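Just so you know, these numbers come straight off a predicted model, no measurement behind them. We use all heavy atoms of the structure for the numbers below, so side chains are in, but hydrogens, waters and symmetry mates are not.
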Amino acid sequence: MKNTPDSKCNAGLLCQSLCLTLLLLLCPASAEAETLTGKPYVTDGDTVKVSGERIRLEGIDAPERNQRCKDASGKSYDCGIVSTAALRNKIGRNSITCEGTKRDRYGRFLGICYLNEIDLNGWMVQNGYALAYRRYSRRYVSAEQEAQENSRGLWAGEFVVPWNWRKGERLTNSSPHPGK
């Protein structure tokens, strides 16, 4: 075969096509929406299980199971348990649908979960049982502001934001309103 400018061009195009095809095969496809539906087991205020799949409610962060907060009168209570119970009671025995496109570093499916038309993630924040997790999403910031303005749930008293609580920060008797 003769080495002509046309044959070099064709070989270059063939090589580029092969490289592009290989790249597309080896790289993960763009995230496609995934939907999970079923009766959930509520693990905590921001995590459920549907059909054995752990789902982290995307864009929110709820108090941890053994986290303590103070109510409006200054009395200590198990806000993590209250948050879990609120989500469990809201869902009842109903099925939910969770939609998402990715997983977190722990392998949990990140999703927005719905009870019929109700966005459960937003409902948790709007009622003060969880906070908008601004580090990952701004979707629920206005719901959090509404909860704070109306002193709902956590916003009625004192609390440490869950991401700081996980780092070891705790309420003390002399704590100002760290959640506010």
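You'll find the side chain of W155 stays beyond 4.5 Å of the side chain of E149, heavy atoms only. Side-chain atoms of R54 and T43, non-hydrogen and from C-beta on, never get closer than 4.5 Å to each other. At a threshold of 4.5 Å between non-hydrogen side-chain atoms, the residues Q67 and D44 do not count as touching. Contact annotation: the side chain of V48 never approaches that of L120 to less than 4.5 Å [non-hydrogen atoms, C-beta and beyond].
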After noting the C-alpha distance and the side-chain angles of I112 and E99, does the key distance pass the side chain to side chain contact (heavy atoms under 4.5 Å, CB included) rule? CA-CA 5 Å; I112 298 171; E99 299 172 349; 5.5 Å; no
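Under the 4.5 Å side-chain heavy-atom criterion for grouping Ile, Leu, Val, Met, Phe, Trp and Tyr, M124 is not connected to I81 through any hydrophobic cluster.
Residues in residues 95-156 take part in these disulfide bond (SG atoms under 2.5 Å apart) pairs, two or more places apart or across chains: C98-C113. Within the structure, no pair that satisfies the disulfide bond (SG atoms under 2.5 Å apart) test touches residues 32-67, not counting sequence neighbours. Pairs engaging residues 113-130 under the salt bridge (charged side-chain N to carboxylate O under 4.0 Å, His left out) rule: D119-R139 [sequence neighbours left out]. Sorted by first then second residue, the ring pair (Phe, Tyr, Trp, His ring centres under 6.0 Å) pairs that include residues 94-129, not counting sequence neighbours, are W123-Y129. Legend: disulfide bond (SG atoms under 2.5 Å apart) pairs involving residues 53-97, not counting sequence neighbours, sorted by first then second residue: C69-C79.
The two residues A130 and L154 come nearest to each other via the heavy atoms N-CD1, 4.4 Å. Nearest heavy atom pair, residue P63 against residue P162, reads N-CG, 3.8 Å. Closest approach of G45 to L87, counting heavy atoms only: O-CD2, 3.9 Å.
Residues passing the salt bridge (Lys or Arg N to Asp or Glu O under 4.0 Å) test with R103 are E53, sequence neighbours excluded. The salt bridge (Lys or Arg N to Asp or Glu O under 4.0 Å) test applied to E146 returns R152, not counting sequence neighbours. Take D46 and apply the salt bridge (Lys or Arg N to Asp or Glu O under 4.0 Å) test, not counting sequence neighbours, and it matches R56. Qualifying side-chain contact (heavy atoms from CB on, under 4.5 Å) partners for N66, counting only residues two or more places apart in sequence or in other chains: E64, W165. Y136 pairs by the ring pair (Phe, Tyr, Trp, His ring centres under 6.0 Å) definition with Y133, not counting sequence neighbours. Residues satisfying the salt bridge (Lys or Arg N to Asp or Glu O under 4.0 Å) test with R65, not counting sequence neighbours, are none. Partners of R88 under the side chain to side chain donor-acceptor pair (under 3.5 Å) rule, at least two apart in sequence or in another chain, do not exist in this structure.
To the nearest 0.5 angstrom, R68 atom CZ is 4.5 Å from D78 atom CG. Rounding to the nearest 0.5 Å places CG of L110 at 9.5 Å from CG of L57. Atom-to-atom distance recorded for S137:OG and N121:CG is 9.0 Å, nearest 0.5 angstrom. Between atom CD1 of residue I118 and atom CG of residue N94 there is a gap of 9.5 Å, rounded to the nearest 0.5 Å. Here the straight-line distance linking atom CD of E58 with atom OG1 of T101 works out to 6.5 Å at 0.5 Å rounding. In this structure, the separation between CD1 on I55 and CG on D104 is 11.5 Å, given to the nearest 0.5 Å.
A salt bridge is defined here as a Lys NZ or Arg NE, NH1 or NH2 lying under 4.0 Å from an Asp or Glu carboxylate O, and K75 with D71 fails to meet this definition.
Without hydrogens or angle criteria, E144 side chain to A132 main chain gives a donor-acceptor distance under 3.5 Å.
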